[in-house]
Amino acid sequence: MDSENVLVGVIGGSGLYHLDNLTFVKQVNPETPWGFASSPISICSLPSGARVAFLARHGPHHTISPSAVPSRANISALKSLGVRAILAFSAVGSLREEIAPGSFAIPTQIIDRTKGVRPASFFEGTSVVAHAQFGDPFSMKFVRWLEGKVEKALADEGRGVVLHKDKCVVCMEGPQFSTRAESIMYRAWGGDLINMSALPEAKLAREAELSYALIATATDYDSWRPHSEAVTAAEVFKTLQSNADTSRHVAATILDELHLAALQGDLLSEEVGSMRFSIMPMKGEQNAEDIKKLSFILPKYFAST
Ligand SMILES: CSC[C@H]1O[C@H](OP(=O)(O)O)[C@H](O)[C@@H]1O
Ligand SMILES: Nc1ncnc2[nH]cnc12
């Protein structure tokens, strides 16, 4: 196995600022056409010698608010290291009684409640138009593979953390939490979980032809329960630390196998090549600057001269 190859990237969310249960190798901070990532990227080595990349979505000291996360730089920086699959973690509110704070979920759907203030496409501001397939916003092969592995890791050491599957996450703008009326409306819409970070991350991973899945860690019941206090940051903080410890355990347990699966390729086969027919045919002269920029993320389709 080529231990220099970094095929798997991990994005840590609120509470998860490092994977210090893995062996730290070095930090890198590649500049991308969309600037620098939220944090320098830590390269860590796994027991097999394989390497993974870790980046903290809100910065190592949580200084970046959800609306300001440089997601294009994050995704393109990971891709520039050779990453093919991204495992993202996110602290979420629960919109369902049965998803108790402290439990984990792997969502399969997203409802977009961001407000258009986040750059959400690598093609934005360029002369190239592309429409990525996004009906299944997470990589389903990867999701199905993860479910079994994460469920097993959560049962380890008597942790007894429950894993919920096939859930729908509402991604809201923030930074303020939802009103009670919004929280109730999201439940009526079919939302099960709520966060502020699934988008545009998942969209950008799709545009970059990277496999992407999210492990959602529930911290609170948001604001829909009639006889409970509405969510506060203090409420979220109560479970953030233990959820982050569990997330680190899950990562350490599954990353070697994930690296191997990424190396074998089948797990990632849905995304590779998926943008080929999403890019509108370009007639006439192509804007050289734009092509150069896009070649950073999709060199197969945009040959930089
Ligand atoms: C700290 S509560 C709200 C905050 O937490 C989640 O962050 P992340 O998804 O990065 O774990 C949520 O999306 C909000 O950004
Ligand atoms: N209730 C909530 N709403 C939005 N994002 C969250 N992250 C954690 N809890 C949340």
Side-chain angles (χ1 to χ4, degrees), residues 9-19 37-39 54-71 74-75 86-97 99-107 110-115 117-118 137-138 164 167-187 189 191-205 212-225 228-248 250-251:
V10 178
I11 298 182
S14 298
L16 188 62
Y17 308 111
H18 51 78
L19 289 180
S38 300
S39 67
F54 174 85
L55 93 74
R57 182 185 288 124
H58 302 282
H61 307 290
H62 206 132
T63 50
I64 307 173
S65 88
S67 309
V69 170
S71 294
N74 289 352
I75 299 294
I86 294 179
L87 178 59
F89 286 87
S90 169
V92 301
S94 164
L95 299 172
R96 300 287 159 192
E97 194 63 49
I99 307 176
S103 56
F104 279 33
I106 301 182
I110 307 178
I111 293 174
D112 188 354
R113 281 280 296 167
T114 61
K115 304 275 171 71
V117 297
R118 309 173 181 197
F138 299 101
H164 299 271
K167 298 299 171 202
C168 174
V169 59
V170 176
C171 182
M172 59 172 292
E173 190 57 55
Q176 300 85 355
F177 291 113
S178 307
T179 64
R180 286 188 186 274
E182 287 164 339
S183 195
I184 291 165
M185 178 181 73
Y186 298 145
R187 278 164 54 79
W189 283 0
D192 302 302
L193 313 162
I194 183 159
N195 81 352
M196 304 176 191
S197 332
L199 297 174
E201 219 170 76
K203 288 184 175 176
L204 294 166
Y212 177 89
L214 186 76
I215 298 185
T217 65
T219 52
D220 55 272
Y221 275 117
D222 203 43
S223 303
W224 58 270
R225 280 166 129 205
S228 299
E229 294 289 308
V231 63
T232 60
E235 184 66 25
V236 170
F237 294 150
K238 282 185 198 161
T239 32
L240 215 50
Q241 204 42 57
S242 65
N243 282 356
D245 287 344
T246 307
S247 301
R248 274 188 281 272
V250 167

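This structure is a prediction, so every number in the text was calculated from the model and none was measured. One-based numbering, in listed order, for ligands and for the atoms of each.
Here Ala91 has heavy atoms under 4.0 Å from ligand 1 in both its backbone and its side chain. Residue-level proximity to ligand 1 for Arg57 is carried by the side chain, the only part with a heavy atom below 4.0 angstrom. Contact annotation for Ile194 and ligand 2: heavy atoms of both the backbone and the side chain come within less than 4.0 Å of the ligand. Heavy atoms of Val92 found under 4.0 angstrom from ligand 2 belong exclusively to the backbone.
Protein heavy atom nearest atom 10 (O) of ligand 1, with residue, atom name and distance: His58 NE2, 2.5 Å. With respect to atom 15 (O) of ligand 1, the closest heavy atom belonging to the protein is Pro66 CG, 3.4 Å. In this structure, atom 7 (N) of ligand 2 lies nearest to the protein heavy atom Ala91 O, 3.0 Å.
The distance from ligand 2 to the heavy atoms of Asn195 drops below 4.0 Å at these ligand atoms: 4 (C), 5 (N). In the vicinity of Asp220, heavy-atom distances shorter than 4.0 Å reach the ligand 2 atoms 1 (N), 2 (C), 8 (C), 9 (N), 10 (C). The Ser197 neighbourhood of ligand 1 comprises atoms 7 (O), 8 (P), 9 (O), 10 (O), 12 (C), 13 (O), 15 (O), with distances under 4.0 Å to a heavy atom of that residue. For ligand 1, the atoms closer than 4.0 angstrom to any heavy atom of Gly13 are 8 (P), 10 (O), 11 (O). Atoms of ligand 2 lying under 4.0 Å from any heavy atom of Thr219, numbered from 1 in the order shown and given with element: 8 (C), 9 (N). Listed by number with element, the atoms of ligand 1 under 4.0 Å from a non-hydrogen atom of Ser90 are 8 (P), 9 (O), 11 (O). Set against the non-hydrogen atoms of Asp222, the atoms of ligand 2 under 4.0 Å away are 1 (N), 2 (C), 3 (N).
A pairwise comparison of heavy atoms in Val231 and Ser223 identifies N-OG, 3.3 Å as the closest pair. The two residues Val170 and Gly191 come nearest to each other via the heavy atoms CG2-CA, 4.0 Å. Taking both residues in full, the closest heavy atoms of Ala100 and Tyr221 are given as CA-OH, 3.4 Å, listed atom of the first, atom of the second, then distance. The minimum heavy-atom distance between Arg118 and Met196, with the atom names listed, is NH1-O, 2.8 Å. In plain terms, the two heavy atoms of Leu240 and Ala91 that are nearest each other are CD1-CB, 3.8 Å. When all heavy atoms of Phe104 and Asn243 are compared, the closest pair comes out as CZ-O, 3.6 Å.
Listed for the Arg248 side chain is no donor-acceptor partner under 3.5 Å among the backbone atoms of Leu16.
Here atom 2 (S) of ligand 1 lies nearest to Val236 when heavy atoms of Val236, Val92, Thr232 are compared.
In terms of polar-atom proximity, defined here as any N/O pair under 3.5 Å, Ser14 does make such a contact with ligand 1. In terms of polar-atom proximity, Met172 is not counted as a contact of ligand 2, lacking any N or O under 3.5 Å from an N or O of the ligand. Residue Met196 has at least one N or O atom closer than 3.5 Å to an N or O atom of ligand 1. At under 3.5 Å, a nitrogen or oxygen of Gly93, whether backbone or side chain, sits near a nitrogen or oxygen of ligand 2.
Counting heavy atoms from C-beta on, the side chains of Pro60 and His18 never come closer than 4.5 Å.
Screening Ser183, Ser228, Ser94 against Asp222 for a side chain to side chain donor-acceptor pair (under 3.5 Å) leaves a single residue, Ser183.
Applying the salt bridge (Lys or Arg N to Asp or Glu O under 4.0 Å) test to Asp192 and every residue at least two apart in sequence or in another chain returns Arg96.
Between atom CD1 of residue Ile215 and atom OG1 of residue Thr246 there is a gap of 11.0 Å, rounded to the nearest 0.5 Å.
Between Tyr212 and Phe138, the ring planes lie parallel to each other; the angle is under 30°, not in the 30° to 60° tilted range.
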